[in-house]
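See structure below.
Fair warning: this is a prediction, and the values are worked out from it, not measured in the lab. Atom set for the values below is all heavy atoms of this structure, side chains included, hydrogens, waters and symmetry mates excluded.
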Amino acid sequence: MSKRKELITDIIWLFIIGGLLGYAIEVLYYFIKNGVWINKQGLLYGPFKPIYGLGTMLITFVFKKIKSKNFFIIFILGTVLGSAYEYLLSVFQEYVLHTSTWNYSSFNYNLNGRIYLPYCFCWGIVSLIWIKLCYPPIKKIINKIPYTITLITGILIILDVLISGIAVYEYSNRQNNIKSNNTILKIIDKKYPDEIIEKKYPKLRVVKNK
């Protein structure tokens, strides 16, 4: 497999695997904590959490470039990288999609409600587990997947991400009484009305325009 194909393969499957694991962990966490099953998916057509898919890609590619695999270095760097990534993603969601799916303002040791210190350390722990235990065997499996299957899967995931992003953006516009004149956006509005978005994303909150 060429380096370009290997890179594309890694990007697609790391996003999928990270998104699936993140979804499963959050659903299980909320069930243990609250005793109820809460849908934590981040895309309309798949049990994925894009924040963890992208985070898995970030952590993997960064540590692949670092020669030292010292436990302490992985933990500290994973904590810093994960925290910065979560903070920036929160800013992006608020100012681009005008929505929010997490806010830690009610907790001590938070930064602008976007990151929370105990969860920051979780990024470091997850980085250690992923790099030391999970990634090596998963990488071997990824390399055996036919490239055609990878491309088809990648296209489907990209479509899911695009549709989900536009649908959430339009939901935010509707809550802010902003009407779309674009034909494609009107189709999205009709296909994904408020009740569907609210059912898929029960924790989604709209940031009202000032």
| field | side-chain contact (heavy atoms from CB on, under 4.5 Å) against S106, all qualifying residues, sequence neighbours excluded | value | none
Atom pairs and distances, side-chain donor-acceptor, residues 54-62, under 3.5 Å, sequence neighbours left out:
| residue | atom | partner | partner atom | Å |
| --- | --- | --- | --- | --- |
| T56 | OG1 | Y52 | O | 2.7 |
| T60 | OG1 | T56 | O | 2.7 |
| T60 | OG1 | W130 | NE1 | 2.8 |

| field | Neighbour count >12 (heavy atoms, 6.0 Å) for atom CG, L133 | value | yes
| How would you list, by chain and number, every residue that makes a ring pair (Phe, Tyr, Trp, His ring centres under 6.0 Å) with Y23, sequence neighbours excluded? | none
| Among all residues two or more places apart in sequence or in another chain, which pass the ring pair (Phe, Tyr, Trp, His ring centres under 6.0 Å) test with Y45? | none
| said: R205: which residues meet the salt bridge (Lys or Arg N to Asp or Glu O under 4.0 Å) condition with it, sequence neighbours left out? | reply: none
| note | In this structure, OG of S2 is separated from OH of Y147 (nearest 0.5 Å) by 7.0 Å
| note | Those residues at least two apart in sequence (or on a different chain) that pass salt bridge (Lys or Arg N to Asp or Glu O under 4.0 Å) with K40 are E26
| query | Hey, are the side chains of W37 and V27 touching, using non-hydrogen atoms and a 4.5 Å cut-off? | reply | yes
| field | Aromatic contact, F63 with Y135 (centres under 6.0 Å) | value | no
| query | Heavy atoms, side chains only, cut-off 4.5 Å: are Y171 and L204 in contact? | reply | yes
| Under a single-linkage definition using a 4.5 Å side-chain heavy-atom cutoff for Ile, Leu, Val, Met, Phe, Trp and Tyr, are Y119 and I125 assigned to the same hydrophobic cluster? | yes
| query | With the 4.5 Å side-chain cut-off for hydrophobic clustering, are Y85 and L111 part of the same group? | reply | no
| message | Looking at every heavy atom in both I51 and W102, which two are closest together, and how far apart are they? | response | CD1-CH2, 3.8 Å
| Heavy-atom side-chain proximity of V36 to I38 below 4.5 angstrom | yes
| request: Nearest 0.5 Å please: distance from the CG atom of L81 over to the SG atom of C120. | output: 12.0 Å
| message | Please find the pair of heavy atoms, one from D194 and one from Q175, that lie closest to each other, and give the distance. | response | OD2-NE2, 3.1 Å
| remark: Closest heavy-atom pair, L43 versus P50, reported as atoms and distance to 0.1 Å, is CD2-CG, 3.6 Å
| said: Are the side chains of Y95 and V91 in contact, using a 4.5 Å heavy-atom criterion? | reply: yes
| query | For the residue pair S127 and G78, what are the closest heavy atoms and their distance? | reply | OG-CA, 3.4 Å
| Roughly how far apart are I157 CD1 and T150 OG1, rounded to 0.5 Å? | 12.0 Å
| message | With rounding to the nearest 0.5 angstrom, report the CG to CG distance, L156 to L151. | response | 11.0 Å
| said: Checking T183 now: which residues fulfil side chain to side chain donor-acceptor pair (under 3.5 Å) with it, not counting sequence neighbours? | reply: none
| query | With D10, which residues qualify under salt bridge (Lys or Arg N to Asp or Glu O under 4.0 Å), at least two apart? | reply | K64, K139
| task | Any pair with a residue in residues 80-92 that passes salt bridge (charged side-chain N to carboxylate O under 4.0 Å, His left out), sequence neighbours left out, goes on the list, sorted by first then second residue, please. | result | none
| Between R174 and I197, is a side chain to side chain contact (heavy atoms under 4.5 Å, CB included) present by the stated rule, with each step listed? | CA-CA 12 Å; R174 291 195 299 272; I197 298 299; 4.3 Å; yes
| query | Considering residues, nucleotides and ligands other than Y169, do more than 12 of their heavy atoms fall under 6.0 Å from its OH? | reply | no
| note | Correct closest heavy-atom pair for L20 and P47 would be CD2-O, 3.4 Å
| query | What are the two closest heavy atoms between S172 and V206, and how far apart are they? | reply | OG-CG1, 3.9 Å
| So if you build clusters from Ile, Leu, Val, Met, Phe, Trp, Tyr with side-chain heavy-atom gaps below 4.5 Å, do L21 and L89 land together? | yes
| request: Determine yes or no for a side-chain-to-main-chain donor-acceptor pair under 3.5 angstrom, with N176 supplying the side chain and I178 the backbone. | output: no
| message | Is there a continuous path of hydrophobic side-chain contacts, each under 4.5 Å between heavy atoms, that joins I76 to F71? | response | yes
| message | In the structure I gave you, are the side-chain heavy atoms of I142 and I17 within less than 4.5 Å of one another anywhere? | response | yes
| task | Applying ring pair (Phe, Tyr, Trp, His ring centres under 6.0 Å), name anything that partners W13, two or more places apart in sequence or on another chain. | result | none
| message | Would you say E6 and N143 are linked by a side-chain donor-acceptor pair, where the criterion is simply a distance under 3.5 Å? | response | no
| L185: partners by side-chain contact (heavy atoms from CB on, under 4.5 Å), with sequence neighbours left out | I166, E170, S180, N182
| request: Verify the cluster assignment for I131 and F121: are they in a single hydrophobic cluster under the rule of side-chain heavy atoms below 4.5 Å apart? | output: yes
| message | Going by salt bridge (charged side-chain N to carboxylate O under 4.0 Å, His left out), name the pairs with one or both residues in residues 108-132, residues two or more places apart or in two chains. | response | E94-R114
| query | Atom CG in L88, atom CD1 in I115: separation rounded to 0.5 Å? | reply | 9.5 Å
| message | Distance check, rounded to the nearest 0.5 Å: N103 atom CG versus N112 atom CG? | response | 10.0 Å
